[in-house]
Every structure is written in structure tokens, then in C-alpha cells.
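Below you'll find the structure, written out as C-alpha cells, and then a few comments.
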Amino acid sequence: MVVGATDPTVSLVIGSGSVKCAAALGVVKVLNEAGIGIERVVGCSAGALFASAIALGYDTAAAKDITLRVWTRELTSRPNRLSYLRVVAPKLLGFKADNFGLRDERAMAASLRSVFGDRRIEDTAIPLHITATDFATGELVDITHGRIVDAIRASLALPFAFAPVQFDGRLMTDGYLSDPLPVSVAMKHGGRVIVGVGFESPYQEKVNSAGRFAFQLGAIMANNLLKSKLAFHSMAHHSEVILVLPEFQQRVRLFETAKVPYVIEEGEQAMLLQLPYLRELLAAEKRQAAAFPA
Amino acid sequence: MEIEITERDAVTVVAIKGSVDSLNADELTSAFAKPIKAGRVRMVADFSAVTYTSSAGLRSLLATVKDCRRGGGDLRIAALQPQVERVLSISGFTGIIKIFPDREGAVGSFKAVA
């Protein structure tokens, strides 16, 4: 699926957005067909799953299959009863940051292992970055080595649902808490033209449970964080961030994998809208590079 | 990108057509800078024919807003297309720049405080 080290290239950043992140597969399809390579791929939260598939070179069909296998309701269907009890009796049952998640994460871990096995970030065909958030400091962590499964679990450690994950001596939680669309990672590594595939968190239609209440608060904070971070990074970057913001007329729920083909199609359409300008920009970058060789 | 500048009393209207991006952001910044240098710091950017803006376009707008406000004026934007408004919104710009549904409203907003 991925062209790899060809000229011209872009850095691809896939933000958090649950199953909607599958839109990145449509984006990559358009880039491939246009002969535009990917020099680096960054993924956050569910975006990390797709970033990993892209970095490993899976084609669209294989990546779609992975989505259908991994992103199922079973991921969160089994409660972690001990965590519920730890809320009620924290001293008695030993409440700790690294054991508090209201959902049993074993299904997700098994599912990710079935797809990625022991493959490592440093071995991917395209440089891969998975972002998570340091639970102790709130810092964005740019994970560039280690097992892909462990990094995705850290990046996808949705607060309250899944416990933070120990990785490389640090306790990490969901990447969206530090930056829902981490274009800064691509900038820091010298990316000039950055394609950012971003999603705003949906607001709840009804807030009729504590869980939905928490999701609503999370969405408010995440969307405000997305805007403020993106504003700063747009101003700080010397070149170009091309935002790909798929528009979903149909509501896509958290585990609605039946809509994956629709989501991919919307990603493709959103990228096609940006393609004429991206081609012009890359041609101009090439001319500039020829005029001022390093 | 095409730029047309007209004067409406104390307000300079910059009507832009096409895409505002890395390939032409310098041209747009220069177009904004000329009236500002002449002391005309009340400006309206008519975006009714702008089909696209990127981060480079946003940087041009921000630099102009800062220059106008530093001089006691403002840059206000009129008639955003939905796809452009989405980029401005998700980048936090609608929180710091005054947006109006049409050119007349944007120009009139300066009179309201004059």
C-alpha cells in the first residue's frame, strides 16, 4: 500500500478518533495512486493502529481486515470487576494508577497480538511514531522503539476504560490526552509537508449515565485541546500542514465496524479535495530543493 | 489566487479569490501590508470566493490581525465557505478573529464602534 522512500513524500499524522481513524486508509489510497510517498507516519490512540498497519506496508484490504478483527465491541464488553470494587474500597483492595481500568483489557491485548505479534516499531518499512501520554507528567511521549502491540496499548489506554500501561519504565495513558493530532512529532523530525488526518470527538446525544457524562467531558476537553494545539503548531511550522478532515454525514459510533467501508470512502474523498494543492506544493518544494541543494 | 482591494470609507476591503496557501501566502501578506503601512488598519477580508486555506494561509491572517490591532484597528473576515470555516474553527481561529456572514456586515461592524 505504501510507496515508501520515493520522491515526492509527505509525513502522515493520524489523530485520535476511534473507528473513524480508518479514514486514513482512504487517504493513503489516494496518496499511493498519486505517486506520493510517505516518509514518516505518526499515530495517536486508535490512529496508532492504522499508523502501524501503514508503516508495516499492509495494503488497504489487509488493513481493513485488521480493523474488523481488532476493533470489535468485545474490546470493552467485559468489565473489570476488581477495578469497580477498588473504587469502593481503595485501601482494602489496593487502588493503584496502573491497575485502574473499568474494562478488562485482555481481549484488546490478545486481538492486537494476533495482528502484530512481536513486530517492533524500529523494524517497520516506514518510520513509525506512536504517541502516548506520560501519566505522571502529562507530557506527550513519542514512542519510536519497542513492540508495536505494547505501544498501541499505551496509546489506546482510554481513561477510566483501560488502565495506564507500563512502557519503557514509564506509566503511559491515552495519547489524545496530550495532543489529539500530534503534528508536532512530524515537525520535530523535519517534516515539511504534513498531512494531518484529524477528527473532533463527537458529543453525546443523550447524557443519561455516568459513563456518557465522562465521555461528554472528555470530548469537550479533547476538542478544545485539539484546537489550541493545532493553532500553535500551525503558527510554529515553517512549511505546511494540510488538514484532512473527513466529513461524516452518517454518525459513526465507537465500534461500528460495519461502517468501515464508508469511513474509508470519506477519507478518500477528503484527501481528493486536497490533492490538487498538494501536488502543486510538492512540485514547488522540489523546485526549491533543486535551486538550493543541501 | 486573485486579490482585489477596495476602500469603503475608513475600511479597506480585501477580496480574495481561490486558494490561500503556502504557494501564495507571501503575496497575500504583502497585499494586506500595503494599506497597513499607509495607516489603514481597519480591514475586511472577503472570503466569499476562497475555496481553501492551509496553515500557511492561517499564518498570513494571524500576522495581519496582529499588525492591524497593533495599529488600533482590526482584520475581520466575511463570508466564509463551510470548508474554510471548518479549518479556521478546528485551528482555533474563530476564537480570536471576528467572523461575519457577509461583507456588508463586516464593514458595518467598524462603523458600529467608530
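Computed from a predicted structure; not experimentally measured. Order of the sequence lines sets the chain letters (A, B, ...), proteins ahead of strands, with each chain counted from 1.
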query: Does a sphere of radius 6.0 Å around CZ in A/F213 hold more than 12 heavy atoms from other residues, nucleotides or ligands, not counting ones at 6.0 Å or beyond?
result: no
query: More than 12 heavy atoms of other residues, nucleotides or ligands under 6.0 Å from NZ of B/K17: is that the case?
result: no
- prompt: CZ of B/F93: more than 12 outside heavy atoms within 6.0 angstrom?
  reply: yes
- line: When every non-hydrogen atom of A/L230 is compared with those of B/I90, the smallest separation belongs to CD2-O, 3.7 Å
B/S91 vs A/K227 side-chain heavy atoms within contact, under 4.5 Å: no
task: Name, in order of residue number, those residues of residues 50-71 of chain B that have a heavy atom at a distance of less than 4.5 Å from a heavy atom in chain A; otherwise write 'none'.
output: B/Y52, B/S54, B/S55, B/A56, B/L58, B/R59, B/L62
query: For the atom pair CG (A/L273) and CD (B/Q83), what is the distance rounded to the nearest 0.5 Å?
result: 8.0 Å
message: Please report the interatomic distance CD(A/E280) to OG(B/S22), rounded to the nearest 0.5 Å.
response: 11.0 Å
Part of A/H238 within contact of chain B (heavy atom distance under 4.5 Å): backbone
